[in-house]
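Hydrogens, waters and symmetry mates play no part in the numbers below; they use all other heavy atoms, side chains included. Chain letters run A, B, ... following the sequence lines, proteins first, then strands; residues in each count from 1.
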Protein chains: 2
Amino acid sequence: MENPGHDPIYRLLLDGPPRSAREIETHVGLSRVTAGQRIKALARAGLIAEGDSLASGGGRPARTWRINPHHRNLIGIDVGEQMARVTLFSLGLDVLDEALLEIDLRADPARTLEALAACAERLATGDRASAPVAGLGIALPAPIDYRQGRVAKPSVMYGWEELDLRALLRSRLKMPVALDNDVNLMCLAEQRLHWPETRHFVFIKAGTGIGCGMITDGQLLRGAFGTSGDIGHIQHSPEPHRLCRCGKQGCIEAHAAGWALARDLQAQGNDCRDAREVMQLYVRGAPECRALVNASSRIIGTVAADLVAMLNPAALVIGGTLSGAGEAMLAGIRERVYQRCLPLATERLQIGSARGGERLGVQGAAILARAQMGAPS
Amino acid sequence: MENPGHDPIYRLLLDGPPRSAREIETHVGLSRVTAGQRIKALARAGLIAEGDSLASGGGRPARTWRINPHHRNLIGIDVGEQMARVTLFSLGLDVLDEALLEIDLRADPARTLEALAACAERLATGDRASAPVAGLGIALPAPIDYRQGRVAKPSVMYGWEELDLRALLRSRLKMPVALDNDVNLMCLAEQRLHWPETRHFVFIKAGTGIGCGMITDGQLLRGAFGTSGDIGHIQHSPEPHRLCRCGKQGCIEAHAAGWALARDLQAQGNDCRDAREVMQLYVRGAPECRALVNASSRIIGTVAADLVAMLNPAALVIGGTLSGAGEAMLAGIRERVYQRCLPLATERLQIGSARGGERLGVQGAAILARAQMGAPS
DNA sequence: ATACTTTTGTAAATAACTTATCATAAGTGG
DNA sequence: CCACTTATGATAAGTTATTTACAAAAGTAT
């Protein structure tokens, strides 16, 4: 059992729920005898362990198998605009250790990258490290060329496009590295951890900016050049249009994103610089802030309605800082979705707030790294 | 070689381009020796045949293998609002025989279904039938519950939801049957036949109604309940809103679809009842028609821009009757897409008209049936 | 408790696949 | 023509998986 990541049974259990031997057989396409033998081998090697038994259907109940969460660790990194979170996980995604780094995306990328790598190294070898690290995932606030493992250009991360991020980190840290866009990874974590049965899933992140992740048939949808889910600059905002930070007019971000709400609140004399402070004002009950959030939710709702019409997901989940407004944010979205979409698309659609919290990014990064354990790189 | 559909090599070649032995090995994960043996066995059985040789890269050129197009036939059915097309294909999708049926979707579904089945049976056993029929695919103008193999309710096909279409046809015709939405299947055919290298693909059908099909990573995106691609009732049309046939206001269909253009042209005194007649007027150069088509193309362009922003396809293709307007239809779409989407999403995006013609529906149906040959039903 | 169902374990014979090696075929570039 | 490269074919030995058959375990229904 040199590299368990190559074993199809182990891989199946890595990225999915616990399964019975019978399910494993059908999924990996092995006969009952062979599957049973290999399950036993994996169990003897300590890579997998017994899970709960399933309910009996008139016969002996099937027992399930799951990965041994303590066999390896994972590292997730979530790079934000001013801060990066670096988390050491067990394979079962328990948080073992964590560090927050202040970073500046406009500073020298190589230096920032080295700071992240050094931090990951500290966690990997620190007191809380219970096992070798099997892989590292990074969530970045930029479009990602997923196959190349680097930031797609042009992006907001000036200078980062030049770096072969995956290769650099892999040689620096001696472990497999996987990259993806932060919203994609938040979507992945929310779906895998909180909506495991939902195979058609849309996650809208409403924070400083607005973006979305989409899962169809259980697979993250990445698009041809890594820009899928870039819904912040869709142009359907109400008149009068306002200037967006992308230079165009009419983008929904310019009316509904955290930065735009902060801008408007500042113009009204509030001390409010970013999405987080918008939510603070909101919680304190500032009426002008509530009005803005309500308007924002309806604008986001128009795009949500488009997403539902196009993709026909089974669940639509709102995350990001602004989703802290809870039902208020959902109300506008529900209003627009139910108003604008056909009943067939909405009657079985679930709409809700993200159940995951501020760790969704690192969790998604770790899930990605876990899914790629042992994959050819 | 009882059922060749179970052979992974045969299946690979069924739904893909000709491949060299080397490519086949890697795709199906067999060693060179075994793959070679099985390729030879398939060739001896007449299921596959040699294709062209690839260009040499300094050594002996690799020869490719492709399916034997004459080993089996396929039937595709494209059900429209007033007409159904039933086509007998070879496995290589050459047209062997064809029939057009007048139908009425509002009539008794069982009777219509029987007419289709009888027609399929005639073609399957007729003079032009060169081989046994391996499967039948049907394109229907309704949302399809793909896993159940029936029309999802509620739909425009009143009464059809009650029928277990797949089971009925399978037992009636004694062959595997696959169903899908017509736009999905047009999308599939256009991509597989005319854009085989493009794995992220969006197809907009602008005819009597407006809908789209989406392919990501080479897979048709069907959504949770079969309504994906239902973009006709997205609400972004310009003021003043007009009443849509769905009962809402502001749907793009009510401004940009064939039925809406016909309605407007009629109101202006033209004799114009459907999308086809709109195109006839257009070709004759009627100025009021040209103006309407231009406006329509820009409205479709707004939705196209949303699709591009969300899905980041590598190609966006316009089909359906209205795409007969050619560059005029493309112009408005290009205008909106380039105006509204970020450069990263558009700089490598191809926008064009469908290369396939009026047989796209039946071709897609046949491709679907072919892909499912031997699959568990 | 008894009959029934479904899951799991084991062993032996058979079938399939892989690895390794050698030989041959059919191109390219000089 | 010759050296070099890549593709293909054939064979043997060794490994792994499948099939078949029997038995036991652990539940449910009556």
Side-chain angles (χ1 to χ4, degrees), chain A residues 1-14 16-68 374-376, chain B residues 1-14 16-68 374-376:
Chain A
M1 204 58 60
E2 293 250 322
N3 185 342
H6 291 309
D7 186 292
I9 296 179
Y10 190 66
R11 302 213 55 168
L12 176 71
L13 295 177
L14 263 185
R19 291 180 196 276
S20 71
R22 181 72 48 133
E23 289 174 303
I24 291 172
E25 286 162 42
T26 60
H27 271 89
V28 303
L30 291 170
S31 70
R32 186 174 71 83
V33 175
T34 336
Q37 283 172 351
R38 291 178 45 171
I39 289 170
K40 215 166 51 176
L42 286 168
R44 259 201 307 267
L47 296 179
I48 64 175
E50 280 190 42
D52 299 329
S53 284
L54 297 177
S56 160
R60 174 174 173 171
R63 90 181 118 189
T64 62
W65 297 93
R66 54 178 177 76
I67 50 171
N68 172 2
Chain B
M1 203 62 58
E2 293 254 326
N3 185 340
H6 292 309
D7 186 293
I9 296 179
Y10 190 67
R11 302 214 54 168
L12 177 71
L13 295 176
L14 261 186
R19 291 179 196 277
S20 70
R22 183 71 49 126
E23 289 173 305
I24 292 173
E25 285 163 42
T26 59
H27 270 90
V28 302
L30 291 170
S31 72
R32 188 170 71 84
V33 174
T34 343
Q37 283 172 351
R38 290 173 53 167
I39 288 169
K40 216 165 49 178
L42 286 168
R44 259 201 306 266
L47 297 178
I48 64 175
E50 279 190 42
D52 299 329
S53 284
L54 298 177
S56 160
R60 173 175 174 171
R63 92 182 116 193
T64 62
W65 296 94
R66 54 180 176 74
I67 49 172
N68 172 2

- Item | Position toward the 5' end of DNA chain D (nearest nucleotide), B:W65 or B:G57 | B:G57
- Item | Closest to the B:L30 side chain, choosing from C:dT18, D:dA7, C:dA11 | C:dT18
- Which part of the nucleic acid does A:R63 contact within heavy-atom distance under 4.0 Å: base, sugar-phosphate only, or nothing? sugar-phosphate
- Task: Please report, rounded to the nearest Å, how far the C1' atom of D:dA25 is from the CD atom of A:E50.
- Result: 13 Å
- Task: Would you mind telling me which of C:dA20, D:dT19, C:dC17 lies closest to the side-chain atoms of B:T34?
- Result: C:dC17
- Message: With a 4.0 Å limit, can you tell me whether B:S56 has a side-chain N or O closer than that to the phosphate oxygens OP1/OP2 of C:dG27?
- Response: no
- In whole angstrom, give the distance that lies between atom CZ of A:R38 and atom P of C:dG9. 16 Å
- Message: Using whole Å, what does the distance between atom P of nucleotide D:dA7 and atom CD of B:E25 come to?
- Response: 10 Å
- What is the nucleic acid contact for A:G36, judged by heavy atoms within less than 4.0 Å: base, sugar-phosphate only, or nothing? nothing
- Message: Strictly below 4.0 Å: does A:K40 bring a side-chain N or O up to OP1 or OP2 of C:dT8?
- Response: no
- Query: Looking only at side-chain N and O atoms, does B:R60 come under 4.0 Å of OP1 or OP2 in D:dT8?
  - Reply: no
- Determine the sole option in B:L47, B:V28, B:N68 for which the side chain to side chain contact (heavy atoms under 4.5 Å, CB included) test with B:Y10 is passed. B:L47
- Item | Atom of B:D52, atom of B:T64 and distance for their closest heavy-atom approach | O-OG1, 2.6 Å
- Message: Starting the side chain at C-beta, find the nucleotide from C:dT10, D:dT8, C:dT7 nearest to B:A21.
- Response: D:dT8
- Message: Any heavy-atom pair between the side chains of A:R19 and A:W65 that's under 4.5 Å?
- Response: no
- Message: So B:R11 and B:P8, do their side chains get closer than 4.5 Å, heavy atoms only?
- Response: no
- Residue B:R22, side-chain atoms from C-beta onward, closest of D:dT8, C:dT18, D:dT18: D:dT8
- Between B:Q37 and B:R32, which has a closest nucleotide on DNA chain C that is more 5'? B:Q37
- B:P61 side chain: which of D:dA7, C:dA26, D:dT11 is closest? C:dA26
- Item | Approximate separation, where rounding is to 0.5 Å, of A:R22 CZ and A:H27 NE2 | 14.0 Å
